[in-house]
Amino acid sequence: MSGHSNWPEWIYIGVVVALMVWVGAEAWEAERLVEHVPEGAETIVVTGQQWFWTFEHEDGTKEIGELHVEVGKAYKFEIVSKDVNHSFNIHDYVVLMDAIPGRVNTVWFAPTEVGQHDIQCREYCGLIHYNMRGTLYVEAPSS
Amino acid sequence: MVLELQKPRPIWQIMFSTHHTDVGLLYLITSLAFLFLGGSLALAIRAELFLPGAQIIGDAMTFNRIFTVHGTTLIFLFILPFASSVGNYFVPIMIRYKDMAYPKLNAIAFWMIPPAGALIWLGFADFTWYATPPYSIISAPGPAADMWIFGLKILGISSVLGAINFIVTILKCKHPDMSIGQVPLLAWSFLSSSLIILVAIPTFAAALLMLLTDRLGVSGFFNPAMGGDPIAYAHLFWFTFHPEVYVLVIPAIGMMYEIIPRFSRKPIYSYNSGVFAFVLLSIVGFSSWAHHMYATGMSFTEKTVFMVGTLAAVPASAMHVFNFIATMWNGRIKFSTPMMWAVGGIALFFSAGAGGVANAAMPLDFTTHDTYWVVGHFHLFVMGTIAFGSIGFLYYMFPYVTGRMYNEKMGKIHFVMSFVGTVLVFFTQHVLGLYGMPRRVFDYPPIPEWIAMNQIATVGAMIIGVSMVIFLANMIYSSGKGKLANTEDPFGVGGKYYYPFEAKNPHHD
Ligand code: HEM
Ligand SMILES: [Cu+2]
Ligand SMILES: [Cu+2]
């Protein structure tokens, strides 16, 4: 308004817009790569229910609260729920996907090192939500 | 209006009044009562999380109810009524009209809040402020859940009535000599947030009814067991509540637009840019709601659209920050209490926005979503920006409301402690989120980093708690015994004030 020029504000807006474009472009590129499920990934069906996780491997074996996988393989999780919404999360591998009744959501990962990681539920699901936890065991290849 | 305490009136006269300053006072007292009630719940939550294992809250159900009512209370029963209080006091004066456009409607909108608050508090629901189905349909215990639904229903109607009143008051009742381009920015903030309310609220109002009939078993909109879709609820909810976050923040920014130039003893750097940013935010704010839903299994395209929509709203917020800094630049700043709160609020607003950008960038959100990071993110807004702007403004209007000055030293101590506390709690929660701690948990495994971060956050919360006691003491003592304010210029900064004192209350002649 009164007697000052506005160019500093225009430069500032330009910088903010440029930053947002950059963040958006990087995020778009990264997400595009991350979403691409590799060929031949083994499917694991993950079922959430109040208040534990069940895992079913391709060969039909089932585990409750524990998940055993092998280094060097890629896995595709098919996530379902039997009751309310949950969210399947292996924080160390940035695996996060909601388990929603009536839907099958997928997410994949490929463990890189032998070790143990926490599995948890990250969507509020009631009384024992805080303890809807499990453990991921990444093991050396069997053969 | 002022001088309630100097020229006492019977309390029923204030309660049954429809004069805008009386309704403003009712809103003010109600909102502060709920600030303290909701704040106490926050301290209980922080105390519980100080260490793994059950601490002071015996069981998970009680804990879940506490954080649900905490969030619901502070958003709907503190932030919104506080803004309505400020709007009631100042909007009619700023647009030079004798009252709000519809005084009776104004009083009705206020009187819907206490029963709604009672429903929420007497019910004490446990399904989070977001009441997601199918949990809220098949699992959440009634009657608490139903009482919450009715409480929110009433609050929604109250918001819409208030919004209509502000819009009509500003557009139709402003002084004929005043063009819309001369309406002060604080009044503009109410115009924009009210317009958002009108567009946004009906969607959630519908969703609430659908939730209720689903709970009654007569419909299955969101219940997969009856062929419904819980994700539909998420869309309806966030279509209302992402824009609603701007409804919360815009009036607080408006309050800062009143404080910053006043205490910098300079006109605002750019009035036009302030108006433009308000209007822009009100529009672009509707393009980002599903950024809360990246992890629900949306397609890549949907996620991209909502990321772009979210990032597009950032420049509008950033313009306000620029405007504030440019206004203070070369100003003869007087750091009275209101100014300290406003400046602190702007710094936290900036940090909060930076964290929001990280959430919006979709692969990063899979790290932050539903962890303590998100809790830290939005608290930097609701506490760091909105409560800071509001509390600063409360100190600013204190002499107008009471005719007396608050204790400046106590006001500054309150600010410093709250600022330090806020940084300790909410910056730490961002880090805690990066370590992977989920939100809404009653207990957590003894992971050393988690314990350390939780303890810092709890200490920060206690510092805020103590500062709020100082605040309360200052307000109560000073309203009765504070030194008389110089009503021409209570802060000694010169210039023309908008002065509720000028508002002619028919009850004082
Ligand atoms: C620069 C502006 C902003 C950006 C880019 C932004 C971005 C985001 C994103 C992406 C999320 C989702 C995080 C997640 O759940 O994974 C989020 C959550 C949230 N934001 Fe913001 N936000 C901004 C401003 C605000 C403002 C002004 C407020 C409040 C006044 C606010 C309040 C919230 C709340 C309450 C949540 C969490 C809701 C919940 O899950 O309970 N945000 N924000
Ligand atoms: Cu859960
Ligand atoms: Cu949002």
Side-chain angles (χ1 to χ4, degrees), chain A residues 1-2 4 6 8-9 12-17 19-21 23-24 26-36 50 79 81 83-92 94-107 118 120-133, chain B residues 60-61 63-64 126-128 130 132-135 138-140 224-225 227-231 267-273 295-297 300 303-304 307-308 311-312 314-315 318-319 322-323 326 357-358 360-367 369-371 435-436 438-445 447:
Chain A
M1 303 225 323
S2 51
H4 61 73
N6 256 337
E9 181 160 20
Y12 168 83
I13 294 172
V15 170
V16 173
V17 170
L19 259 173
M20 292 307 119
V21 170
V23 169
E26 289 281 326
W28 183 82
E29 178 66 9
E31 183 66 16
R32 200 172 56 91
L33 299 175
V34 170
E35 287 213 352
H36 182 77
Q50 288 171 326
I79 301 164
S81 163
D83 40 40
V84 302
N85 298 353
H86 304 273
S87 194
F88 175 65
N89 176 221
I90 308 169
H91 188 74
D92 294 345
V94 199
V95 169
L96 178 78
M97 189 51 73
D98 289 354
I100 293 166
R103 293 198 171 215
V104 182
N105 282 335
T106 54
V107 60
D118 286 336
Q120 57 189 11
C121 175
R122 230 156 84 181
E123 179 71 53
Y124 180 73
C125 55
L127 193 63
I128 320 284
H129 162 59
Y130 69 93
N131 206 17
M132 185 166 163
R133 305 183 65 86
Chain B
M61 188 43 121
F63 182 87
N64 297 342
D126 78 311
F127 52 20
T128 84
Y130 158 34
T132 343
Y135 181 79
I138 60 177
S139 235
D229 183 5
I231 298 301
I268 188 75
Y269 170 78
S270 172
Y271 171 88
N272 291 344
S273 141
T296 56
F300 180 58
K303 279 184 286 199
T304 306
M307 175 183 72
V308 172
L311 296 177
V314 174
M319 282 168 76
F322 183 87
N323 217 344
V357 172
M362 40 195 177
L364 295 182
D365 185 62
F366 293 97
T367 303
H369 176 64
D370 272 342
T371 66
Y435 281 121
R439 61 193 290 205
R440 298 172 171 151
V441 289
F442 161 65
D443 194 6
Y444 55 95
I447 300 169

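Per chain, numbering begins at 1; letters A, B, ... match sequence-line order.
- For A/Arg32, the parts sitting under 4.5 Å from any heavy atom of chain B are the backbone and the side chain alike.
- Contact of B/Thr367 with chain A is made through backbone and side chain together, with heavy-atom distances under 4.5 Å.
- The candidate from B/Ala358, B/Ala326, B/Ser273 with the greatest count of non-hydrogen atom pairs under 4.5 Å with chain A is B/Ser273.
- Interface remark: A/Asn131 contributes no atoms to any contact with chain B (heavy atom separation under 4.5 Å).
- Rounding to the nearest 0.5 angstrom, the gap separating the CG atom in B/Asp365 from the CG atom in A/Leu96 is 8.0 Å.
- With a 4.5 angstrom heavy-atom cutoff, A/Asp98 touches chain B via backbone and side-chain atoms both.
- The contact between B/Met319 and chain A is made by backbone and side chain atoms together, counting heavy-atom distances below 4.5 Å.
- For chain A, the nearby part of B/Tyr435 is the backbone; its heavy atoms alone come within less than 4.5 Å.
- Both the backbone and the side chain of A/Leu127 come within contact range of chain B, each with at least one heavy atom under 4.5 Å from a heavy atom of that chain.
- Relative ring orientation between B/Phe300 and A/Trp28 is described as tilted, the plane-to-plane angle lying within the 30° to 60° band.
- Heavy atoms closer than 4.5 Å to chain A are found nowhere in B/Asn323, neither backbone nor side chain.
- Heavy atoms closer than 4.5 Å to chain B are found nowhere in A/Asp92, neither backbone nor side chain.
- Each of B/Leu364, B/Thr128, B/Ile447 has some count of heavy-atom pairs under 4.5 Å with chain A, and the biggest count is that of B/Thr128.
- A/Tyr124 has its ring centre less than 6.0 Å from the ring centre of B/Tyr135.
- The contact between B/Thr132 and chain A is made entirely by side chain atoms (from C-beta outward), counting heavy-atom distances below 4.5 Å.
- For B/Pro230, the part sitting under 4.5 Å from any heavy atom of chain A is the side chain, from C-beta outward, and nothing else.
- At a 4.5 Å heavy-atom cutoff, the contact between B/Pro445 and chain A is made by side-chain atoms alone.
- Of the possible donor and acceptor atoms, none in the side chain of A/Gln50 sits under 3.5 Å from a partner among the backbone N and O of B/Ser139.
- For the pair B/Arg440 (side chain) and A/Glu123 (backbone), a donor-acceptor distance under 3.5 Å is absent.
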